[in-house]
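Every number for a ligand or one of its atoms is a count from 1 in the order of the listing. One-based numbering along the sequence shown. This one's a predicted model, so the numbers in the text were calculated from it and none came from an experiment.
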Amino acid sequence: MFLRIHNLTVAYNGVPALNDVTLDVPEGDFLCILGPNGSGKTTLLRTIAKVLTPSAGAVYLSDQDLRRVSVRDLARQMSVVPQNDAIDFDFTVEDIVLMGRMPHLARFASLGERDWQAVNQAMQATNVEPLRHRLITHISGGERKRVLIARALAQEPKILLLDEPTSNLDISYQYEIMALIHRLNATRRLTVLCVLHQINLASAVAKTILLLNQQGQIHALGTPEAVITQENIEAVYRTPVLVTPHPLTGKPQVQSAYRFN
Ligand code: ADP
Ligand code: MG
């Protein structure tokens, strides 16, 4: 199995945020992770990226236990687009994307032709070339997200982790960002694990949905059709909903059934 998450429990100060989570992610999957606030979505991504250490269980990438993989070796295979990027320095867009090459450089080595090629390709794929010499602090939220994805792609990963890449973006940028990620998944077989807040967006784009509950356990795992049901969504989010097939795509879509009286 490409990515194996086995009996994973992760706790903060003894309180588990993720509870005995087991799942296999095949190569080329597009997995969207859904769940209410505090259900452990970010904790799961950060543990897969080796930022957090599990209190029990393990993560395997291509059958290698991540405990035995160095952070640098992992970064050659996996890149992460974090939810909150606190880049407040005056880096240019190009500087940021170049940072994606760090795991590939020998110590003190300068960038080679191969590195520039990866940087340029990543900038083209995300359409940030026109912003190359702009300061990261002087571009819009949607542009910034695209730059962070460009940095992640310059790393040339086999697996891409994204934490709410569409939060704070207007609807056209939400779909633009997801279309970009979808294209990378479809054309390069890049395996994608993406935390999303918008259930309907996840339903439209995901091959597989992981639904976590408030206790950090798996409530459901499977295709959008299998997971996004009225029963599952109401149980996990604790609010009444209607689930109907999208009139154009047939994918399950969630609407609130809450009545304001
Ligand atoms: P999600 O991304 O689904 O909103 P998180 O993984 O961020 O959830 O958090 C899961 C749980 O762990 C929450 O109850 C949260 O309060 C707690 N938690 C997250 N980060 C920390 C931390 N650094 N220290 C203590 N508790 C944390
Ligand atoms: Mg989160």
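Between the side chains of Lys251 and Asn200, no donor-acceptor pair is found at a separation under 3.5 Å. Counting only N and O atoms by type, the side chains of Asn213 and Ser39 include no donor and acceptor under 3.5 Å apart.
Residue-level contacts of ligand 1 at the 4.0 Å heavy-atom threshold are Tyr12, Ala17, Pro36, Asn37, Gly38, Ser39, Gly40, Lys41, Thr42, Thr43.
Pairing each heavy atom of Leu74 with each of Ile48, the nearest pair is CD2-O, 4.1 Å. The nearest pair of heavy atoms linking Lys145 to Pro82 is NZ-O, 4.2 Å.
At a threshold of 2.8 Å, the Mg ion (ligand 2) has no backbone or side-chain N, O or S atom of Asn37 nearer than that distance.
Comment: Arg114 engages Glu156 in a salt bridge, judged by a side-chain N to carboxylate O separation of less than 4.0 angstrom. Salt bridge Arg146/Glu143: absent, no basic N to carboxylate O contact under 4.0 Å.
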